[in-house]
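If you read the sequence from its start, that first residue is 1, and numbering goes on from there. Model, not experiment: these values are computed from the prediction. Each ligand, and each atom within it, is numbered from 1 in the order the structure gives.
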Amino acid sequence: MQFTVKEASKRARIAAFYLGYPNVAIVFGSTIYLWNIKREHFLNDKKHLAHELCHVAQFRKYGFLRFLILYCWESLIHGYYNNKFEIEARAAESTSEQ
Ligand SMILES: [Zn+2]
């Protein structure tokens with residue numbers, strides 16, 4: 001799957017601020033934006049990579065805008081943890097090789 005990784009991303013920094021996390025990886029389309037995570041470290045973390053690549057696949061499957069709306073809707077109704085797209089991404093983590 002084709003994807004791009006952007007380190008020290010402003011939008012990931014904003015997400016980290018609002019989420020209250022010290023470090024964040026956030027996907028928009030086929031780009032994974034990182035804040036306080038080194039690119040090399042992220043790419044070597046097979047579970048984390050599998051999780052974010054699942055979101056890249058979800059963007060591809062549903063389309064950019066449609067996925068954003070569906071993701072926000074799921075989070076609103078079920079919360080972040082029980083959002084079906086997060087459940088799917090966590091399942092992808094466990095199928096990744098360590
Ligand atoms: Zn996720």
Looking at [atom1] of [X] and [atom2] of [Y], how far apart are the two atoms once the value is rounded to the nearest 0.5 Å?
{"X": "Q2", "Y": "T31", "atom1": "CD", "atom2": "OG1", "result": "10.5 Å"}
{"X": "L34", "Y": "S9", "atom1": "CG", "atom2": "OG", "result": "7.5 Å"}
{"X": "H78", "Y": "W73", "atom1": "NE2", "atom2": "CH2", "result": "9.0 Å"}

Review point. Would R66 count as a cation-pi partner of F59, with NZ or CZ less than 6.0 Å from the six-membered ring centre and within 45° of the ring normal?
Key: no

Check your understanding: Hey, is the Zn ion (ligand 1) within less than 2.8 Å of some N/O/S atom on E86?
Key ->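 Under 2.8 Å: E86 contacts the Zn ion (ligand 1) through an N, O or S atom.
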
Exercise for review: May I ask you to check whether H51 brings an N, O or S atom to under 2.8 Å from the Zn ion (ligand 1)?
Suggested key: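 Of the N, O and S atoms in H51, at least one lies under 2.8 Å from the Zn ion (ligand 1), which means yes.
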
Check your understanding: Closest N/O/S atom of H55 to the Zn ion (ligand 1), by atom name?
Key -> NE2

